[in-house]
Novice: 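The structure that follows is given in the form of structure tokens.
What you see below is based on every heavy atom in this structure, not just the backbone, and it leaves out hydrogens, waters and symmetry mates.
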Amino acid sequence: MLTVLSGLWQLSPLTDLSLPQGDLAFPAPISSILPADLSESDIAAQEWHLMHDVDVSEAMLACAAIDIVLKGVSHYAEVRINGNAVIDCFDCEETYRKEVKSHLQVGLNRIEILFLEQQDDDFLLDDDAPNMTDTTNKNNQVGIFGSIELQGIAHLRLERVTVIPILHHGCGEVKVVIYFQTLATGMIAANTKFDGMSYSIPIDVRSNRVTALFQVDAPRFWKTECPDNNDLYHIEVELEGQVMHIPYRMFEDQSEASFCY
């Protein structure tokens, strides 16, 4: 069950209160609703508050878990639900995810995002410490350049996917291993697509993984020196509404690749 927080968010300044308030929808930089004479560096020097109310149904709260998912958050930001701090975003990961069911209630819930000046010890939770592996803020704009969602999980949490090529004599197979965490028992299947082929795989919840094996004829190897998007393999994994898209590059040296959801 997915709720996309796609409506208007109320923007307010926290430092210079003479700056205007306004409403904006993401993805967008906050400069899109601010005076044109404010530069991106001027905006980044301020602290900002974003607020949005979302209606959570009884059906959503009946899920075994509910994650908040934020994509493309630029600059350091703190996220709060009904006044409770739940996650830090550090402008270093493409996607941030946190289990937040205990902070939600039936009816209206207030989601707040605060763009603040980051301090060295500004970690809401120990496991929120940054892993500086990527940069989502490509042009130094403050804003959110992806979606914000509440993802209800009924039984299984999709955790990661491992792709293993098994090649011999110009053909072979690709093994797609789906790792999950069981939150509640039930009859569940994972849907996996690979290069136009599709499998629906029943899941044994007593395990923590399920495997799909795809036949590959005349594999397309990725050449780093002359990359060609036609050589990409597109993998899609869907587990109870949790969808993971993987652009997979196959190399001749048969390496294993792992992708986190």
Side-chain angles (χ1 to χ4, degrees), residues 67 69-74 87 89-99 127-138 145-147 149 151 153 155-183 188-261:
D67 289 356
V69 185
L70 304 100
K71 300 178 182 179
V73 180
S74 77
I87 188 171
C89 302
F90 297 93
D91 189 25
C92 58
E93 301 288 348
E94 181 179 350
T95 302
Y96 292 89
R97 176 183 301 272
K98 194 76 171 183
E99 207 286 320
D127 59 356
D128 284 334
N131 176 18
M132 302 298 289
T133 58
D134 191 16
T135 301
T136 59
N137 183 25
K138 303 300 184 184
F145 300 91
S147 61
E149 305 165 349
Q151 172 77 63
I153 303 171
H155 302 91
L156 304 180
R157 183 193 303 279
L158 176 61
E159 293 191 325
R160 64 186 177 95
V161 171
T162 296
V163 183
I164 307 169
I166 308 169
L167 303 176
H168 43 82
H169 306 298
C171 63
E173 298 87 27
V174 168
K175 184 194 303 186
V176 179
V177 185
I178 303 165
Y179 292 84
F180 56 86
Q181 176 190 7
T182 300
L183 304 174
I188 309 107
N191 298 307
T192 309
K193 297 178 182 179
F194 177 88
D195 203 33
M197 297 174 282
S198 180
Y199 288 153
S200 180
I201 315 163
I203 288 180
D204 182 354
V205 296
R206 295 170 296 180
S207 179
N208 71 338
R209 72 191 72 177
V210 67
T211 299
L213 196 64
F214 293 91
Q215 184 71 33
V216 177
D217 298 319
R220 305 189 301 272
F221 294 116
W222 184 262
K223 301 175 181 62
T224 305
E225 64 279 5
C226 52
D228 185 347
N229 284 338
N230 291 322
D231 293 332
L232 277 175
Y233 287 92
H234 295 280
I235 302 172
E236 179 182 303
V237 174
E238 187 274 331
L239 179 61
E240 291 199 308
Q242 303 160 85
V243 180
M244 186 174 181
H245 296 279
I246 301 170
Y248 175 62
R249 298 169 176 84
M250 186 183 298
F251 295 93
E252 289 190 86
D253 56 0
Q254 297 189 28
S255 59
E256 175 180 320
S258 188
F259 305 87
C260 292
Y261 177 59

Novice: Once you round to the nearest 0.5 Å, how far does CZ of F251 lie from CG of L167?
Specialist: 13.0 Å
Novice: Any side-chain heavy atom of Q242 sitting closer than 4.5 Å to one from D67?
Specialist: no
Novice: Could I get the full list of side-chain hydrogen bond (donor to acceptor under 3.5 Å, both in side chains) partners for D253, not counting sequence neighbours?
Specialist: none
Novice: Distance from I188 atom CD1 to E240 atom CD, nearest 0.5 Å?
Specialist: 5.0 Å
Novice: Would you check if the side chain of E236 reaches a backbone N or O of K193 as a donor-acceptor pair within less than 3.5 Å?
Specialist: no
Novice: Identify the heavy atoms of G172 and Q215 that sit nearest to each other, and give their distance.
Specialist: O-NE2, 3.2 Å
Novice: About how many Å separate CD1 of I153 and CG of L158, when rounded to the nearest 0.5 Å?
Specialist: 8.5 Å
Novice: Please list, chain by chain and in numerical order, all residues satisfying side-chain hydrogen bond (donor to acceptor under 3.5 Å, both in side chains) with E173, sequence neighbours excluded.
Specialist: none
Novice: So, T162 side chain and V177 main chain: donor-acceptor pair closer than 3.5 Å or not?
Specialist: no
Novice: Is a side-chain N or O of E256 found less than 3.5 angstrom from the main chain of V163, in a donor-acceptor match?
Specialist: no
Novice: Heavy atoms only: give me the nearest Q151-V69 pair and the separation to one decimal.
Specialist: CB-CG2, 4.3 Å
Novice: Any idea which heavy atoms bring V73 and C89 closest together, and the distance?
Specialist: CG1-CB, 3.9 Å
Novice: Mind checking what makes side chain to side chain contact (heavy atoms under 4.5 Å, CB included) contact with A189, not counting sequence neighbours?
Specialist: S200
Novice: Quick one: does F180's side chain get under 4.5 Å of L239's, heavy atoms only?
Specialist: yes
Novice: Would you indicate whether the side-chain heavy atoms of R157 and Y261 approach each other to under 4.5 Å?
Specialist: no
Novice: Could you check if a side-chain atom of V205 sits within less than 4.5 angstrom of a side-chain atom of H155, using non-hydrogen atoms only?
Specialist: no
Novice: If the condition is salt bridge (Lys or Arg N to Asp or Glu O under 4.0 Å), which residues does R249 pass it with, not counting sequence neighbours?
Specialist: none
Novice: Over all heavy atoms of both residues, which pair between P165 and M250 is shortest? Give the atoms and the distance, please.
Specialist: CB-CG, 4.5 Å
Novice: Quick check for you: to the nearest 0.5 Å, what is the distance between I178 atom CD1 and R209 atom CZ?
Specialist: 12.0 Å
Novice: Measure the shortest side-chain to side-chain distance between V210 and D204 over non-hydrogen atoms and say whether it is less than 4.5 angstrom.
Specialist: no
Novice: Is the shortest heavy-atom distance from the side chain of D195 to the side chain of R220 under 4.5 Å?
Specialist: yes
Novice: Sort and list the pairs that fulfil ring pair (Phe, Tyr, Trp, His ring centres under 6.0 Å) and have at least one residue in residues 225-250, not counting sequence neighbours.
Specialist: F194-Y233
Novice: Which heavy atom in G241 sits nearest to a heavy atom in E238, and how many Å separate them?
Specialist: N-OE2, 2.6 Å
Novice: Could you report the tightest heavy-atom contact between E225 and P227, atom names first, then the distance?
Specialist: C-CD, 3.7 Å
Novice: Under the rule for side chain to side chain contact (heavy atoms under 4.5 Å, CB included), what residues qualify as partners of N229, not counting sequence neighbours?
Specialist: W222, L232
Novice: Measuring from atom CG of L70 to atom OG1 of T95, what distance do you get when rounded to the nearest 0.5 angstrom?
Specialist: 9.0 Å
